[in-house]
Amino acid sequence: MSERARNIITIVVMAAMVVTLIVLVATSPSDINRVQAIGEQIKCPVCQGESIANSPSSMARDMMSLVAERVSAGDSDTEIIEELLSSYSGAVLLDPPVGGPTLALWLAPVAALIGGAGVILWWRRHPPEPNTDAPKESARARRLAPLLVLGGSLAVIVVVAGFFLQDRAGPASGVANLAGQDLEDVSNETMEAVITANADHPQVDGMRLALAERYYEAGDYSAAFPHYLAVAQSTKVTGSQAVSALVRLGWMAWDGNDEAETAIGLFDQALAIDSSSSTALYLKGQVLWCGTGDLEAAIDLFEDVLADPELSPDARARVESDLAAARDGSACT
């Protein structure tokens, strides 16, 4: 094969590879099934390399439901993808977009191919002077040099492609956006994953409290306990959040383990933050009445609760009933 033919073949191969790469970069998903197409672009945060469109996990189902809602609402693909990436920590694009910080990574393979082609063409046009005294191995090395350059260019492409396939960090946290949604539509698994991935986020305690309340209402004290404890020990929570967590911990200590003293201590911690907390006062009265038999202390606390002008009618009726029973010396209910 002549040198000219080899040059032509080299250029054609390089051009074909460049065109293929550009086509892959520029091709956008079809609009026929936007929900599926968008889902296939997002990596499931709790899966191994699967998209949310192909994952059976409940978190992926939540995310696909959100995509369907946003598509129905007329949001653009970009808006939907940005919301997913900001709402779910660990969610990343399986196919990074062209532009912004990823533009250099997309251009690197193209630059490597063009540079490799340029070196090969220069080598063909400026071959080294033949040296009849040089050993055959040196001559062979000179003939293989262009192939080595091409191999180096391809290696650059492989490295960049490998970078794209890595699990790269997504947005710092999606707690704020997820907290703004209706958490009734978010599964426990999703909330657990978001909380685990964003333990230090300033708004994660609100989500912890919401999840703990869900477990508490279901009677799952063992699942609720660590979340209430984390909120109670956090330095980032508001006073009302801390009180809510301490009150729940106190009642679980009594209702779940009959630990009256522990429960009273937790109620006292809540009252140290908010001395007017009707819930803490009432539940402490319940434990004093039922757990320690201290009727006088319980009666005083029930009376303090009834002094709250914002007490709901149902709560007032319950406290009045307990107060009357305690005054009569009846057993706690």
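Counting from 1, the numbers follow the sequence of the chain as shown.
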Are the side chains of [X] and [Y] in touch, meaning some heavy atoms are under 4.5 Å apart?
X	Y	answer
R316	V319	no
L323	L306	yes
R70	R34	no
L209	D205	no
I52	D62	no
L85	I42	yes
M191	M207	yes
M252	Y228	yes

Test: D322 and R318 ion pair at under 4.0 Å: yes
Under-4.0 Å salt bridge between K43 and E50: no
Short side-chain donor-acceptor distance under 3.5 Å, S240 and T238: yes
Euclidean distance, [Y] [atom2] relative to [X] [atom1], rounded to 0.5 Å:
X	Y	atom1	atom2	value
L84	I38	CG	CD1	8.0 Å
E79	D77	CD	CG	9.5 Å
L271	L266	CG	CG	11.0 Å
Q241	R208	CD	CZ	12.0 Å
E192	H227	CD	NE2	3.5 Å
Q233	L246	CD	CG	9.5 Å

Steps toward side chain to side chain donor-acceptor pair (under 3.5 Å) verdict (D220, S222): CA-CA 6 Å; D220 191 351; S222 62; 3.0 Å; yes
If you look at every heavy atom in [X] and [Y], which pair is closest and at what distance?
X	Y	answer
A245	A232	CB-N, 3.9 Å
W289	A325	CH2-CB, 3.8 Å
V247	A270	CG2-CB, 4.0 Å

Side-chain donor/acceptor of [X] to backbone N/O of [Y], under 3.5 Å:
X	Y	result
N257	E259	no
S72	A68	yes
D328	S330	no
R61	S55	yes

Ring pair (Phe, Tyr, Trp, His ring centres under 6.0 Å) against Y215, all qualifying residues, sequence neighbours excluded: none
Treat each ILVMFWY residue as a node, draw an edge where side-chain heavy atoms are under 4.5 Å apart, and state whether [X] and [Y] are in one component.
X	Y	result
L211	L229	no
V204	V237	no
V243	V231	yes

Candidate pair E261 and K284, rule salt bridge (Lys or Arg N to Asp or Glu O under 4.0 Å), full reasoning: CA-CA 10 Å; E261 294 302 325; K284 180 180 178 181; over 6 Å; no
Audit row: L288, I264, side chain to side chain contact (heavy atoms under 4.5 Å, CB included) steps and yes/no: CA-CA 8 Å; L288 287 170; I264 291 171; 3.6 Å; yes
Worked verdict on S276 versus D274 for side chain to side chain donor-acceptor pair (under 3.5 Å): CA-CA 5 Å; S276 64; D274 180 6; 2.8 Å; yes
Contacts under 3.5 angstrom, residues 294-305 side chains, donor-acceptor by atom type, not counting sequence neighbours:
unit_1, atom_1, unit_2, atom_2, d
D294, OD1, A297, N, 3.2
E303, OE2, R327, NH2, 2.5

Verdict with supporting geometry, W251 and Q286, side chain to side chain contact (heavy atoms under 4.5 Å, CB included): CA-CA 10 Å; W251 185 250; Q286 281 278 337; 4.2 Å; yes
